[in-house]
A.B. asks: 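Here it is, the structure, as structure tokens.
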Amino acid sequence: MEILVSTGSLPWLPLSARLQLIREAGADGAELLLQRRPREREAETIREISRESGLPVRSLHSLLRLRSVSPDIRAVDVESSARLAAELPRCSILVVHPPIGAEREQWTTVMRRIERSRPEHLRIGLETPGQHRRGQRPAPFDNLEFLVRYVEEWDLGIVFDTAHAASLGWDLQAALALCLPRLVNVHLSDASDREWWIGFLNSIVRDHRCPGDGTLPLRQLLQFLRDQGYRGFVTLELSPLALFSLRRGSIVRVLQKAIAFVCEAIGEPAPGRSSPGREPPTRRR
């Protein structure tokens, strides 16, 4: 397995600093979360930052907005994200959210355009959605059987988000087993049982906690993936609240602990404290 860290976990830092910290912690690569629409020559800038940091961008999460936008804008966001991912040679997964409600019509058009221009090295992964507000389930994708049929119809991969799946009340190991044939990435984070009335707080306080700081059986899930021969990505997608610090060393230590949790569960050597001039140890892929 390749262990990645989402750049969305460190939003207060410039991209160069994020990648350097993720590399120092011993991750194999990064998942780049887009927080604005790509600008001209954006891919060239990202490639240069990646080279300088020594850390590859292995996965790209399509643009994530903190407020609702129209289906037309969402469609343009996904298509521009796909164009950027195609220009990053080490990026093999584009993470997209499922189309909810009125987005379904635009999604069909956009996915057909993306598929016509998608390079062979890039695969689209549909992320399992979560329930961030009480009573507002992301139907019909809250039904796992429907989601699996949908990705089979479109020939997509599945990005299994552990915190999202838990928020829907899924049996995590049973759900993971059903997704396994098309699994391309696991967004790994812990979650607590506390519910907040504000959806954003559920996303950054209830969900996306560091492994071991919640109630989810993450160790067992990782061991299950190992035993099933999974060799894809495991991405630590952690809340910025879990990592925020003005001290560089503090951020690295939290990330190292999270990476060590994954390594221990899958029986791989955990990376030691690294520096920009040292390569992290090689793990089995």
A.B. asks: Closest heavy-atom contact between R231 and M1?
C.D. replies: CD-N, 4.0 Å
A.B. asks: I'd like to know if the side chain of D207 and the backbone of A191 have a donor-acceptor N/O pair within less than 3.5 Å.
C.D. replies: no
A.B. asks: Might you point out which heavy atoms bring L63 and R65 nearest each other, and give the distance in Å?
C.D. replies: CD2-CG, 3.3 Å
A.B. asks: How about R36: does its CZ atom have over 12 heavy atoms from other parts shown lying under 6.0 Å from it?
C.D. replies: yes
A.B. asks: Donor-acceptor check, side chain of R137 to backbone of L168, threshold 3.5 angstrom: yes or no?
C.D. replies: yes
A.B. asks: What distance do L172 atom CG and L216 atom CG have between them, rounded to the nearest 0.5 Å?
C.D. replies: 6.0 Å
A.B. asks: Just by distance, do the side chain of S50 and the backbone of R47 share a donor-acceptor pair under 3.5 Å?
C.D. replies: no
A.B. asks: Just by distance, do the side chain of W170 and the backbone of D142 share a donor-acceptor pair under 3.5 Å?
C.D. replies: yes
A.B. asks: Begin with the C-alpha distance, continue with both residues' side-chain angles, and end with the deciding distance and a verdict on salt bridge (charged side-chain N to carboxylate O under 4.0 Å, His left out) for E48 and R51.
C.D. replies: CA-CA 5 Å; E48 181 62 28; R51 280 193 297 269; 2.6 Å; yes
A.B. asks: So does S62 get a backbone contact from the side chain of S81, meaning a donor-acceptor N/O pair under 3.5 Å?
C.D. replies: no
A.B. asks: Is it the case that the side chain of D190 and the backbone of G214 share a donor-acceptor pair, with hydrogens and angles ignored and the cut-off at 3.5 Å?
C.D. replies: yes
A.B. asks: Hey, does the side chain of R248 reach the backbone of L21 with a donor-acceptor pair shorter than 3.5 angstrom?
C.D. replies: no
A.B. asks: Kindly give the heavy-atom pair with the smallest separation between L222 and V262, and that separation in Å.
C.D. replies: CD1-CA, 3.9 Å
A.B. asks: Using a 3.5 Å distance criterion without hydrogens, assess whether the side chain of T128 forms a donor-acceptor pair with backbone atoms of D161.
C.D. replies: yes
A.B. asks: Judged by atom type as modelled, is there a donor-acceptor pair below 3.5 Å linking the side chain of R23 to the main-chain atoms of L55?
C.D. replies: no
A.B. asks: To the nearest 0.5 Å, how far apart are OG in S189 and CG in L218?
C.D. replies: 7.5 Å
A.B. asks: Name the residue from L13, L32, I251 that meets the side chain to side chain contact (heavy atoms under 4.5 Å, CB included) definition with R18.
C.D. replies: L13
A.B. asks: If we ignore hydrogens and angles and just use 3.5 Å, is the side chain of S6 paired with the main-chain N or O of L236 as donor and acceptor?
C.D. replies: no
A.B. asks: Show me, pair by pair, the donor-acceptor contacts under 3.5 angstrom made by side chains of residues 82-98, not counting sequence neighbours?
C.D. replies:
{"unit_1": "H97", "atom_1": "NE2", "unit_2": "H61", "atom_2": "NE2", "d": "3.3"}
{"unit_1": "H97", "atom_1": "NE2", "unit_2": "E127", "atom_2": "OE1", "d": "3.0"}

A.B. asks: Is V186 reachable from F141 through a run of I, L, V, M, F, W or Y residues, each pair having side-chain heavy atoms under 4.5 Å apart?
C.D. replies: yes
